[in-house]
There are 4 protein chains.
Amino acid sequence: MGLYKLASREFQAEDTVICIGDVTIGGRELQVMAGPCAVESREQALEIAKIVKKGGARIMRGGAYKPRTSPYSFQGLEEKGLEYLAEAGRAAGLLLVSEVMDTRSVDLIANYVDILQIGARNMQNFALLREVAKSNKPVLLKRGLSATIEEWIMAAEYILAGGNSQVILCERGIRTFETFTRNTLDLSAVPVIKQLTHLPVIVDPSHGTGRWELVNPMAKAAIAAGADGLIIEVHPQPSEALSDGPQSLKPERYMQLMKELEQIALCVGRNFRTSGVLKKTGTEG
Amino acid sequence: MGLYKLASREFQAEDTVICIGDVTIGGRELQVMAGPCAVESREQALEIAKIVKKGGARIMRGGAYKPRTSPYSFQGLEEKGLEYLAEAGRAAGLLLVSEVMDTRSVDLIANYVDILQIGARNMQNFALLREVAKSNKPVLLKRGLSATIEEWIMAAEYILAGGNSQVILCERGIRTFETFTRNTLDLSAVPVIKQLTHLPVIVDPSHGTGRWELVNPMAKAAIAAGADGLIIEVHPQPSEALSDGPQSLKPERYMQLMKELEQIALCVGRNFRTSGVLKKTGTEG
Amino acid sequence: MGLYKLASREFQAEDTVICIGDVTIGGRELQVMAGPCAVESREQALEIAKIVKKGGARIMRGGAYKPRTSPYSFQGLEEKGLEYLAEAGRAAGLLLVSEVMDTRSVDLIANYVDILQIGARNMQNFALLREVAKSNKPVLLKRGLSATIEEWIMAAEYILAGGNSQVILCERGIRTFETFTRNTLDLSAVPVIKQLTHLPVIVDPSHGTGRWELVNPMAKAAIAAGADGLIIEVHPQPSEALSDGPQSLKPERYMQLMKELEQIALCVGRNFRTSGVLKKTGTEG
Amino acid sequence: MGLYKLASREFQAEDTVICIGDVTIGGRELQVMAGPCAVESREQALEIAKIVKKGGARIMRGGAYKPRTSPYSFQGLEEKGLEYLAEAGRAAGLLLVSEVMDTRSVDLIANYVDILQIGARNMQNFALLREVAKSNKPVLLKRGLSATIEEWIMAAEYILAGGNSQVILCERGIRTFETFTRNTLDLSAVPVIKQLTHLPVIVDPSHGTGRWELVNPMAKAAIAAGADGLIIEVHPQPSEALSDGPQSLKPERYMQLMKELEQIALCVGRNFRTSGVLKKTGTEG
């Protein structure tokens, strides 16, 4: 190790805490980013935003530009999707995170969302890393499918060295020989990142496993391992989702998970600000 | 899936709970197996047994026959090691688990210990699987370094089909491209095993990470993910251990971990029988 | 399989042969692309071009925009590098291939070189794939570090579906647990690509192994396996190269390899047009 | 590197050449071991032996004890299989290689065959390595599914250190994320083994790819990369084979391959003694 500088604990001993309005990432409070893989329609975005809010998450995820293995798969609603997402987020009082795939669309997407996401397949798209470094928005940097932890930190270093210190790392599973799960979620990366860097790190158990029934246990495990938060796919009708249905939680399972996570959080000295919200929605529902 | 029969949830819906005296594996109570990688001397075995007991674990691990990559490395004390282990276990009131590597020594080892361990490198040593199937001792079956979950269950099926229904699976990390950790601990295997089979599954965060500083967070994560227990390397002087020093916990760190695990256990509806013991030792120390 | 259409043998039974001037890729004649990892100076480019030509290769490689793991490593000479490369290629009578990393610089690079290279880290940079699809230049598409063969073909499908039918695939090693070699060169991908698609496929034994001493045997093996050509790093002083020195061949080793390859080529019914050239340079030297 | 001693080029600079009767392994002459995955019947063994001989190979392979993932799959004919194999080998004038899986059956198997095979799943079955080290038979040591090259050499070192210097290494594919092929055949291991050790190394393109149509190109590539020989599965009716049918060559394809290999061998300064035989059978057929 040691090839990175700005990301290292030697350079900065204390944890980086990213503040967006009154939402903090990397502090005592855990954050959950929830929502659909892809924004599919205005109605879908509005509906999911309400569910996300009700469950207690403070940030909504949703893809408008989708990196799909096949050119014949649904590629996202593009700017129209960003509009729907922005409207839904405003209505529900949620921050927004969405993926950027092209250097030429960074500014456009930054106009709509609060956090720019770099997907796993672009982790070493160095032109894109340099471009988001020029933005004043926080960047969610997913680990590449076959990136070592050091390479992942070096990708963050590109953003830091480019002048943007607001980087959030996201473990989303690595590619291994195992075929039962879509990827192998490497939770040991969480304490390693905490040891080597001062950056916040969250976990994506949806892509990390590819199976909704594994999202609950792996989300709990991620928090127990010290993650600063989670990013989770939620969809009202997973079987009809235009992408990633098998790994999306139904709304009630998402709400149940949020409750269970609170207890784990307390065990590791963390909390969700959503505690109060959850109790209130409890009496409402 | 579906190649296995006896291990499947279809064959047996309820969880298998293995009972050894008053210790249960796979039930509500979580079990920790702790001890040195290798039994190094009578004194070491006796000393560690006391520490293991004091921390609250009920099962002691310790290798007498060691599978070493190099023929020039310490290969274990063999039967002498088993004698030391047995004496230490008796003195401290601990059950014992130790590895068997050769079909010809299964009976010998079964005379000394309560649980026979099949190491990762022998997971598909089918002659050995058939031999431990003939024993009336529970078998701890570690996942092979590059074994898929299905192959691992099929290895358990060899033991079950051979007449021994007391199989405990152990996730100990798989081999991936990542080099910072010794292996990649695949915690998603825990809920997958619970979904597909009725067998107990424990986690080895020591081999799974190869770094003592990752053992604590990954042990907690394992319990949060639903594991039935842990196997952990503990050594009074890790830097002088004859093998696996870098991944062994010092006694005080082991004791601290045991306390922290209790809280996580409660969050997932499990407990350690050791709660009382820990409080008592707390007032003693 | 079957997600790709335009790349498949079902869509087009006969091999795609790409013609650039009188150089054909994918036909009976094998092609070698040789040169430095990075263009380092005008002098270096001119010197290596002469060596490349003398050895018999008809295409020169050289990076002007370099995808480096660290932001602090040499990032390439950018447009100045392209100018040097173009001058050197013209002087020696060689075609040129160089990497494109940003959608915004595709047109610029296409002005200087004959083949646009998509690097392994950008294999699923879909915005970039769509952009090179709009170019009328052939595209050399390297396999991603952890891309399955099917995903790699799907990436080619993006280019084909975007209107550019001149795609050359390049196996350059995949990421595995092995650490002695930089990557694991998957030569079985060559006959698989030939079976499933009609596209030409070449092999990069330099990146595929990371060690110059393995380039010769693996280059021969690639041709024996049916590859349509090779891309090889050659540098006059590998120990002083700004990148990838350990995997670069010295000029004399490159020349020797080119001679040895001719014989293997004949065994599999292929040939180098360079046969005559080599003999001539033989009498000169 | 450097953990091994007896296997290293430092310990012994010249190549080890193993002589069994007039068959040499590791010398100028290449050797092919061909035959069925499993011995299925006396008739099958006799029939395949004739084919193997006719094609020009001098060693017959055939499993009597089979390491199968499932306990419910065909496990081999055991000693009866060895009897059939021995009879077939004698009748055709072929040497024999067969797998040993249990320390207790090493002597038995050594009575029937000329070369003891250690399978990939037992590469680090150290008890078995120690036992075959006591035999005076050459040992064919397959690389483990996730064994690094160094670990594989260390396994050979166990046999060498135990007193048996006749070790033949066999690359048979490693486990990676790729799913189109059964394993990823790591041909770069061939020149690496030649560089680091003095031991002969052969390649198994049948297990290495899992697909018969890839056996021919990968066999040629193996020889081009410097392998000392091949081990190939041949079966008269692959579709009816009790195991590994999809990767077995039909007799005519095996014969064709043997002819094509001769030319590649000459390119790399090697030959088959079988040249004469093939011509004769050519006039016969």
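Heavy atoms only: backbone and side chains are in, while hydrogens, waters and symmetry mates are out.
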Part of Ala147(B) lying under 4.5 Å from any heavy atom of chain A: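 For Ala147(B), the backbone is the part near chain A, not the side chain.
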Do [X] and [Y] have side chains that get closer than 4.5 Å, going by heavy atoms?
| X | Y | answer |
| --- | --- | --- |
| Met33(B) | Gln117(B) | no |
| Pro200(B) | Val17(B) | no |
| Pro191(B) | Glu213(A) | no |

Side chain, backbone, both or neither: which part of [X] has an atom under 4.5 Å from a heavy atom of chain B?
| X | result |
| --- | --- |
| Ala222(A) | neither |
| Thr176(A) | side chain |
| Gln195(A) | side chain |

Most contacts with chain A, counted as non-hydrogen pairs under 4.5 angstrom, among Gln263(B), Glu260(B), Glu151(B), Arg211(B):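 The candidate making the most pairs under 4.5 Å is Gln263(B).
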Option that, when pairs with chain A are counted at under 4.5 Å, heavy atom only, ranks first among Ala189(B), Pro217(B), Gly173(B), Pro205(B):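 Most heavy-atom pairs within the cutoff with chain A belong to Pro217(B).
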N/O donor-acceptor pair under 3.5 Å between Trp152(B) side chain and Leu141(B) backbone: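 Indeed, once roles are kept as given, a pair shorter than 3.5 Å links the two residues.
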Residue selection (most heavy-atom pairs with chain B, distance under 4.5 Å) from Thr209(A), Leu266(A), Ile264(A):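 Counting heavy-atom pairs under 4.5 Å, the top option is Ile264(A).
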Selection from Asp186(A), Val192(A), Leu185(A), Thr181(A) maximising heavy-atom pairs under 4.5 Å formed with chain B: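 Heavy-atom pair counts peak at Val192(A).
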No-hydrogen, no-angle side-chain donor-acceptor test under 3.5 Å, Gln31(B) and Glu29(B):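 On atom types as modelled, these side chains qualify, holding a pair under 3.5 Å.
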Interatomic spacing from SG in Cys267(A) to NZ in Lys220(B) - rounded to 0.5 Å: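 Nearest 0.5 Å value for the SG-NZ distance: 9.0 Å.
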